[in-house]
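First comes the structure, then the notes that go with it.
Both ligands and their constituent atoms are indexed starting at 1 by order of listing. The chain is numbered in sequence order, starting from 1.
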Amino acid sequence: MSNHYPEAQTVIATLQTIPLAVMTLDIHGIVCSVNPALSLLTGYALDEVVERPVSRLAFNMADQSFDDILQATLLSGETWRGEWVWRKRNGDPISVQQTVASVKSREGENILILVTLQDTEHSTVEGSPPPAQRQRQGIPAVDAQSDFERFFNLIPDLACIVSTDGYFKKVNPAWESTLGYTQEEVLGIPMLDFIHPDDLEQTVYEAKRQGPEYRTRHFINRYRCKDGSYRVLNWTSTFNRDDSTRFGVAQDITERRQWEASLRQSEDALLRAKDVAEKANQSKSEFLANMSHEIRTPMNGLIGLTDLALDTELTLEQRGYLDGARSAAESLLRILNDILDFSKIEAGKLEFETIEFDLRQTIEALLKVLGIRAATKNLELACDLGPDVPSRVLGDPGRLQQILINLMGNAIKLTESGEVLIAVEPLSRTGQAVELHFSVKDTGIGIPMAKRQHVFTAFGQADGSSTRTFGGTGLGLTISSQLVQLMGGRIWLESEEGVGSTFHFTARLGIAPARPEAESPLDTGLLKGQSVLVVDDNATNRRILHRILTSYGMETTPAGSGVAALQALGRAAETGKPIALAVIDIQMPGMDGFALTQRIRANPQFRETKIALLASGVHRSDADRCRELGVSTYLVKPVGEIEILDAIGRMSHVAARIVRPDLQPRRRVEQGVTGLSFLVVDDNPVNRLVAQRMIENRHHTVTTATNGLEALEMLENGDFDCILMDVQMPVMDGFEATAAIRNRERGNGRHLPIVAMTAHAMSGDRERCLLAGMDGYLTKPINAVDVFATIDSVLEARKTRTPDAKESEI
Ligand code: ADP
C-alpha cells in the first residue's frame with residue numbers, strides 16, 4: 001500500500017465498514033484502497049486497482065482531467081463536489097455524484113485524498129430529492145446498496161442471484177413463504193435440484209441459449225417445495241453485465257395454472273355437452289319425422305276406408321259412427337301435422353314460399369270455415385280489415401292462414417259467449433312492402449298473468465285443466481310464434497282473466513306489382529250514394545259494416561235494435577229520402593231480424609226498402625222464413641267485404657262486374673275423363689285398397705302391384721295411363737322402379753305419368769321424387785280431391801309437354 005501514514009491507515013480501515021462507495025488516494029493520485037461498497041458499484045476488487053493511478057479509472061470531463069481536480073483540491077484544501085463519469089470494470093461508463101476531499105495531518109500536511117462516489121442513475125429513491133439537491137439541502141445521501149436490499153427483501157415474487165457454479169448466491173424471503181426454505185437451506189442446494197425432473201431439459205435449454213437477444217429470458221418451470229409438492233414459477237432472468245451472476249425473478253402462477261386448466265376442462269365439457277345436445281336434437285327431429293311417417297301410413301288406411309264406407313248405403317246410425325271416426329282421424333292428422341311442423345322448425349327445415357295472393361280473400365275464406373265453429377257456440381265472428389290494407393300481396397298464404405287458424409281456433413275454443421274479432425291494419429308501407437298488424441280479440445276466459453309467456457313455449461298450456469276441458473296439444477302457439485319470427489314479425493298478447501284475450505302479431509308482406517286487369521275486380525262506383533240501414537245488436541259488427549260501406553261512398557245508418565231500425569226508417573221516409581237497403585242481423589234480442597222484416601214489409605212507407613238478412617250459421621227453417629217474407633238475400637256471418645258488396649250490388653241491380661271470389665281453392669275433378677287405366681303400386685294392402693276404390697269410384701280401371709319389380713312385370717303385359725307409386729317398398733322401391741321405367745322409355749319416346757305416394761312429409765321429399773323422374777307427388781294419407789287434382793295436373797302437363805303425344809298415352 002502506497003500510503004504509510006498511520007492516520008491514513010485508520011481512515012482506510014474505518015471505510016471498510018461503511019455502505020457509501022469510497023476510495024482513498026495518495027497525494028499523487030495512486031489508489032490506496034477501495035471499500036466493498038465501491039467494489040459493488042464499479043465491479044473492481046481491491047487488488048485490481050490498488051497502487052494504480054486513479055486517472056485510469058475516471059474519464060476526462062470537458063477540458064478537465066481527474067488529476068486537475070486532485071491538484072485543485074490539494075491546493076485549495078476545499079472539498080470538490082460534482083458529477084463525474086467513471087469507468088466500470090466491464091468498461092461501461094457510470095455517472096456518479098462525486099466528492100473529492102483532502103485529509104490533512106495534525107501538522108496540516110496533505111496525507112490522503114478521499115473520493116466518494118454515488119450512482120446518480122440508480123440511487124435516487126422515489127420521492128427523495130436528486131443528489132445535487134440533497135447536497136444543497138445538506139441531507140445525507142441515500143445508500144444504494146441498502147435500497148437494493150430493501151427492495152430485494154420486500155417484493156412478494158421470488159427473487160434470487162445465481163452464480164455461474166449453479167448455486168444460489170442470494171434469495172429473498174419470498175422463497176421461504178412460497179417454497180418453505182430458509183435462505184441458508186437454499187444456498188446449500190444446487191439450483192437444478194429444485195426443478196421438476198420433467199422441466200429440467202427445458203430449463204437447461206433456456207439457460208444455454210446464447211446471443212444478446214437471450215440475455216433476458218422468460219420461462220416457466222415447476223419448483224419443488226420443502227414439503228415435496230411443486231409450485232409453478234414464471235421466470236424472468238437476466239445476466240449481470242460481466243456475466244458472472246444471473247438475477248432471477250419468479251412469479252408463483254400455480255393457482256392461475258390450476259384455474260386455467262379447470263377452465264379448459266369446463267370449456268371442453270361444455271363443448272362436449274353442446275355436441276351431445278345437438279346430436280340428441282337432430283335424432284329427436286329424425287325420430288319425429290320417422291314417427292310421423294309411420295303414423296301416416298295406417299292413417300291413410302283409416303281415413304281412406306272411412307271415406308269409402310261413407311260413400312256406401314248406410315243407416316243413419318252407421319253414418320253417425322263413421323262421421324265420428326272420420327273427424328277423430330282428421331284431428332289426429334292435425335296433431336300429427338303440428339308435431340311435424342314443430343320438428344321441422346326445430347330442425348331448421350321449414351320452408352316458406354313467396355307467391356302472390358289476395359289477402360282479403362284468404363282471410364274471408366278462413367272466416368267462412370271458422371264461422372261454422374263460432375256459430376255452433378253462438379259466438380259473433382267478425383273481421384275488420386282496414387281500407388288501407390292492400391289486397392294483392394306477396395308471401396306465404398298457407399303459413400299466414402296457419403297462424404290465423406290457430407289464434408282464431410283458440411279464441412273460439414276458449415270463449416263461451418260474446419265475440420271473436422280479427423282485425424288487420426297496416427303499420428308502415430313502402431313501395432314494395434307493407435308491415436301489417438294482425439290481432440285476434442276474444443271475450444273468453446283470459447290467461448292469468450303468470451302463464452302468459454308460458455303459452456308460447458312447446459306443450460305449454462295456461463291451465464293444465466284446460467287440456468281436459470278444451471283439448472289441444474299446447475303446440476299451436478309455439479308453432480305460430482316460430483312462424484311469425486321466421487317471417488320477421490313478433491307476437492305478443494294482452495289478456496284479462498274472465499274478460500278476454502287479444503293475440504297480436506306483425507308480418508311483413510310484399511306488395512304485388514299492379515296488374516291492370518286485377519286492379520279492381522269490383523265495379524263499386526255505382527254503389528256510391530246508396531243509403532243502407534245496418535241493423536245489428538253487436539256493436540263490432542255494426543262498426544265494421546259501417547266502415548266497409550262508407551269506404552265505398554254509401555250512406556249508412558246504424559241501428560242497434562229492431563225498434564231503433566224502425567225509427568230510422570221512419571225518419572228517412574218522412575224527409576222524403578227513404579232508405580234503399582237494410583242489412584239486418586237475424587239473431588237479436590227482443591225483436592229479431594225476421595220480426596223486424598215482417599214489420600218493415602207490413603208498412604207501406606217502407607215498400608221500396610230492400611232487405612238482406614244476416615244469419616249466424618245455417619238453420620234449416622231460415623230458408624222457409626225468408627221465402628215467406630220475400631227476402632232473397634240471405635248471408636251467413638261472418639260476412640266479408642267482397643261478399644257484402646256483391647250482395648248489395650245484386651240487390652241494387654248494379655252488379656255488372658262484381659266478381660265473386662272462388663272461396664274453394666281446390667279443384668274438384670269428378671267430372672273429368674273416365675275410363676283410364678291405372679296401376680297402383682304399394683306394399684301395404686290397406687293402402688292399395690284405398691287407392692284402388694278411390695280411383696274405381698271415379699270410373700277408371702285399376703291394376704295393383706305390391707312392389708316395384710311386380711310393377712315392371714305388369715308394364716310388360718299391359719298398357720297403363722298413369723301409375724300411383726308408393727316410395728318405400730320391399731324388393732324394389734319406387735325410386736328404383738321409376739328409374740327402370742324411364743330407362744325403358746328412352747328407346748320409344750313415350751312418357752308414362754308416375755305420381756309418387758309417400759308418407760314422408762319433410763321438405764326435400766317432393767324434390768327427390770321429381771328428380772327421380774316422377775311427375776307428381778302425393779302425401780299420405782291421400783284423399784280423393786288431392787289424388788284427382790294431382791293426376792289431372794300431371795296429365796295436363798303431359799299433354800302440353802308432348803303436343804304430338806298419342807291420345808292413348810294422354
Ligand atoms: P292448444 O290450444 O293446443 O292447447 P296452443 O299453443 O294453441 O295449444 O295454446 C296454448 C295454451 O294457451 C292453451 O292451452 C290455453 O291455455 C292458452 N290460450 C291460447 N289462446 C287462448 C285464448 N284466446 N284465451 C285463453 N287462453 C288461451
(request) Go through ligand 1 atom by atom and flag the ones less than 4.0 Å from a non-hydrogen atom of Gly476. (result) 5 (P), 6 (O), 7 (O), 8 (O)
(message) Does this structure show an ion pair linking Asp323 with Arg319, if we count only N-O contacts that are shorter than 4.0 Å?
(response) no
(message) Against ligand 1, does Phe503 come closer than 4.0 Å with any heavy atom?
(response) yes
(request) State whether a side-chain donor-acceptor pair under 3.5 Å links Glu419 with Thr443. (result) no
(message) My understanding is that we take every heavy atom of each candidate and find the minimum distance to atom 27 (C) of ligand 1. Doing that for Ile412, Asn410, Leu414, which one comes out nearest?
(response) Leu414
(request) Output the list of atoms in ligand 1 that are nearer than 4.0 Å to some heavy atom of Leu475, sorted by atom number. (result) 6 (O), 8 (O)
(request) Please answer whether the main-chain N or O of Val535 pairs with a side-chain N or O of Arg542 as donor and acceptor at a distance below 3.5 Å. (result) no
(request) Ignoring hydrogens and angles, tell me if any N or O in the side chain of Lys377 forms a donor-acceptor pair with the backbone of Lys413 under 3.5 Å. (result) yes
(request) Give the numbers and elements of all ligand 1 atoms closer than 4.0 Å to a heavy atom of Asn406. (result) 7 (O)
(message) Check for me whether Lys413 has a heavy atom closer than 4.0 Å to any atom of ligand 1.
(response) yes
(request) Determine the sole option in Arg688, Lys780, Gln728 for which the side chain to side chain donor-acceptor pair (under 3.5 Å) test with Asp682 is passed. (result) Lys780
(request) Please confirm whether Gly446 comes under 4.0 Å of ligand 1, counting heavy atoms of the residue only. (result) yes
(request) Could you tell me whether Asp442 approaches ligand 1 through its side chain, its backbone, both or neither, with non-hydrogen atoms closer than 4.0 Å? (result) side chain
